[in-house]
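When reading the values below, keep in mind they use all heavy atoms of this one structure, side chains included, and skip hydrogens, waters and symmetry mates.
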Amino acid sequence: MKKLNKRIAIISGSRGDYDLLKPIIKRMYSAKNIKVQSIITGSHLIKNYKNNRLFSKDKIIINKKISIKYLKDDTTSILNYLADGIKKFNKCFLSLKPDLILILGDRYEIFSAAISAHFNRIPIAHISGGEITVGSFDDAIRHSITKLSSLHFVTNNVYFNRVKQLGEASNKVFCVGSTGVEDISTAKLLKKKDIEKKINFKLKKRNFIVTYHPVTFEKDYGINDFRVLLKYLSSINETGIIFTLPNIDTNNYQIIRLIKRFVKKNSNSVYFKYLGKEVYFSLIKNVDGVIGNSSSGIAEVPSFKKPTINIGIRQKGRVRALSIIDINKINYKKIHQAFKKIGSISFKKKLFKTKNPYYKKDSSKNIVRILEKINLNGVTTKEFVDLN
């Protein structure tokens, strides 16, 4: 029987999901029975971010741009953003007529795409379901996308079981690992002098990457915790501090303002909207650790056998490697203790033994292989599978 060409629409809404989707898109271009439809939205098309140049650089064809109105970082604006996304994705899907959409994670724009696809009876394949981030809205959004989706690509067995717990059939859940972690093993990393040239910043004897996002379930969105962190960082002025700016989220502008103010006052620091995977991975290899509350600190940094100081509850619930140091309730003393721990001989020995729980061989290859072979007939009709 002749295989049909599946039209698979892959949707990217941020620099974070793009880095994880890119190896899949690249593989799909050479797949015999898949026609890729690349759709970009979210921060790729927002003035303050403008990540859409990444696609031409990586020779990825953009089939559709969905520009969603993003006015402010308050709750009402975020809800309007979500609503605008639902309407615009509906129009997009009616035009492109994909056989399946492939999405990753838990961003607002991705949620709007999932809702629209569900009502248009388009099957959804979802990457990174089953994960938990207690301190953010993303947690509920991610689980909601799982229930809207028909196929699930999860990063480890804990998340495999959790997606099953949400009532999904086990033969539609595939444990493939993280494509971001997979990329690390093949990445060509830059030398220190080349990194410095790329980012126009002279690395110090000791350096840290800082990525901090709003904690949407905290009363103050985690702003006070971030201020405490910045106060400590201002006291270690011989250390290089490299900030990456937060994604679109409620109160992200306040964090961006605090970062810009810090960099203006502290010449040992610098900030970037987007570093790109090559530079980011190369930096991790050359710095002393990563600080903040980003998922990258949990999922990717352990592969480099580097420490992560994880602050607050945003990432609470994720599976962790031995290299993670958690500070749930931040204060000056706890940060100082975490920095001291990083330098200890016992912790360095622990780092050496670190294994990344998100790594599996051939993650992107296996995702594409499954999508090539899977029969989509009737896949959107699901029964809730109760646990025994």
Side-chain angles (χ1 to χ4, degrees), residues 16 178 180-181 184 187 189-192 195-196 199 201-213 222 225-226 228-246 255 259 262-263 266 268-272 275 277-316 318-328 330-359:
S178 166
V181 175
I184 293 168
L189 302 180
L190 301 171
K191 292 179 181 177
K192 184 180 174 181
I195 298 169
E196 291 175 332
I199 67 173
F201 181 74
K202 185 79 173 173
L203 293 173
K204 313 295 180 187
K205 190 175 180 181
R206 202 174 190 216
N207 304 276
F208 289 91
I209 297 171
V210 180
T211 305
Y212 192 87
H213 300 287
D225 283 358
F226 191 55
V228 175
L229 173 62
L230 291 179
K231 185 180 178 182
Y232 181 83
L233 294 177
S234 66
S235 72
I236 50 172
N237 50 25
E238 296 298 317
T239 300
I241 308 295
I242 301 111
F243 292 96
T244 62
L245 298 187
I255 289 172
I259 291 170
F262 182 94
V263 171
N266 297 273
N268 61 317
S269 63
V270 67
Y271 74 86
F272 297 93
L275 284 165
K277 190 171 277 189
E278 180 190 50
V279 176
Y280 180 63
F281 284 168
S282 300
L283 263 175
I284 294 173
K285 187 73 177 174
N286 282 274
V287 300
D288 296 272
V290 173
I291 310 167
N293 60 8
S294 169
S295 60
S296 176
I298 308 291
E300 294 171 349
V301 175
S303 287
F304 293 91
K305 300 191 184 298
K306 295 283 183 174
T308 296
I309 299 175
N310 179 62
I311 294 168
I313 63 168
R314 185 180 171 94
Q315 299 301 333
K316 187 177 179 182
R318 283 197 194 271
V319 174
R320 278 155 163 67
L322 295 171
S323 55
I324 314 297
I325 299 170
D326 286 303
I327 305 177
N328 290 328
I330 194 171
N331 59 43
Y332 199 89
K333 185 180 176 182
K334 286 180 181 178
I335 301 172
H336 182 68
Q337 287 172 340
F339 271 80
K340 196 174 177 181
K341 186 176 181 178
I342 286 171
S344 70
I345 294 169
S346 59
F347 190 76
K348 285 178 180 177
K349 285 180 179 177
K350 189 187 279 189
L351 281 177
F352 186 73
K353 296 176 184 177
T354 295
K355 290 184 179 178
N356 194 328
Y358 295 90
Y359 174 75

_Determine whether a donor-acceptor pair (N or O, by modelled atom type, separation under 3.5 Å) exists between the side chain of Ser178 and the backbone of Gly180._
yes

*For Tyr232, which of Lys334, His336, Lys333 qualifies under side chain to side chain donor-acceptor pair (under 3.5 Å)?*
His336

_Taking every non-hydrogen atom, the tightest pair across Ile236 and Ile241_ = CD1-CD1, 4.5 Å

*Output yes when a side-chain donor or acceptor of Asn356 lies under 3.5 Å from a complementary backbone atom of Ala299, and no otherwise.*
yes

_Close side-chain approach of Ile324 to Gln315, heavy-atom, < 4.5 Å_ = no

_Nearest 0.5 Å, please: how far is NZ in Lys192 from OG in Ser282?_
13.5 Å

*asked:* Tell me whether Lys231 contacts the main-chain N or O of Tyr332 through its side chain, where contact means a donor paired with an acceptor under 3.5 Å.
replied: no

*Taking side chain as C-beta onward, heavy atoms only, is Ile184 less than 4.5 Å from Glu300?*
yes

*Does the Arg206 side chain pair with the main chain of Lys204, one donor and one acceptor, at a distance under 3.5 Å?*
no

_pair Leu283-Leu203: side-chain heavy atoms closer than 4.5 Å_ = yes

*Side chain proximity check, Phe226 to Leu229, heavy atoms < 4.5 angstrom*: yes

*May I ask you to test the Ile259-Pro246 pair for a side-chain heavy-atom distance under 4.5 Å?*
yes

*Flag for Tyr280-Ser296: side-chain donor and acceptor within less than 3.5 Å*: yes

*asked:* In the structure I gave you, are the side-chain heavy atoms of Ile298 and Tyr358 within less than 4.5 Å of one another anywhere?
replied: yes

_Heavy-atom side-chain contact between Tyr271 and Val210 under 4.5 Å_ = no

*Checking Thr354 side chain against Lys350 main chain: does a donor-acceptor pair fall under 3.5 Å?*
yes

_Nearest non-hydrogen partners of Pro307 and Val301, listed with the distance_ = O-CG1, 4.1 Å

_Audit row: His213, Ser294, side chain to side chain contact (heavy atoms under 4.5 Å, CB included) steps and yes/no_ = CA-CA 7 Å; His213 300 287; Ser294 169; 4.0 Å; yes

*What distance separates Glu278 CD from Ile195 CD1, expressed to the nearest 0.5 Å?*
9.0 Å

*What distance separates Ile325 CD1 from Lys341 NZ, expressed to the nearest 0.5 Å?*
5.0 Å

_What's the separation between atom NZ in Lys349 and atom OG in Ser344, rounded to the nearest 0.5 Å?_
10.0 Å

_Could you report the tightest heavy-atom contact between Arg320 and Arg318, atom names first, then the distance?_
NH1-O, 2.9 Å

_As an exercise, state the distance from NZ of Lys306 to NZ of Lys285, rounded to the nearest 0.5 Å._
7.0 Å

*Is any side-chain heavy atom of Ile342 closer than 4.5 Å to a side-chain heavy atom of Ile309?*
yes

*Hey, does the side chain of Asn266 reach the backbone of Asn268 with a donor-acceptor pair shorter than 3.5 angstrom?*
no

*Considering all heavy atoms, the nearest Gly297-Pro302 contact*: O-CD, 3.7 Å

*What's the spacing between Ile291 CD1 and Ile242 CD1 if we round to 0.5 Å?*
10.0 Å

*Between Tyr212, Phe262, Phe272, which is the residue that forms a side-chain contact (heavy atoms from CB on, under 4.5 Å) with Phe243?*
Phe262

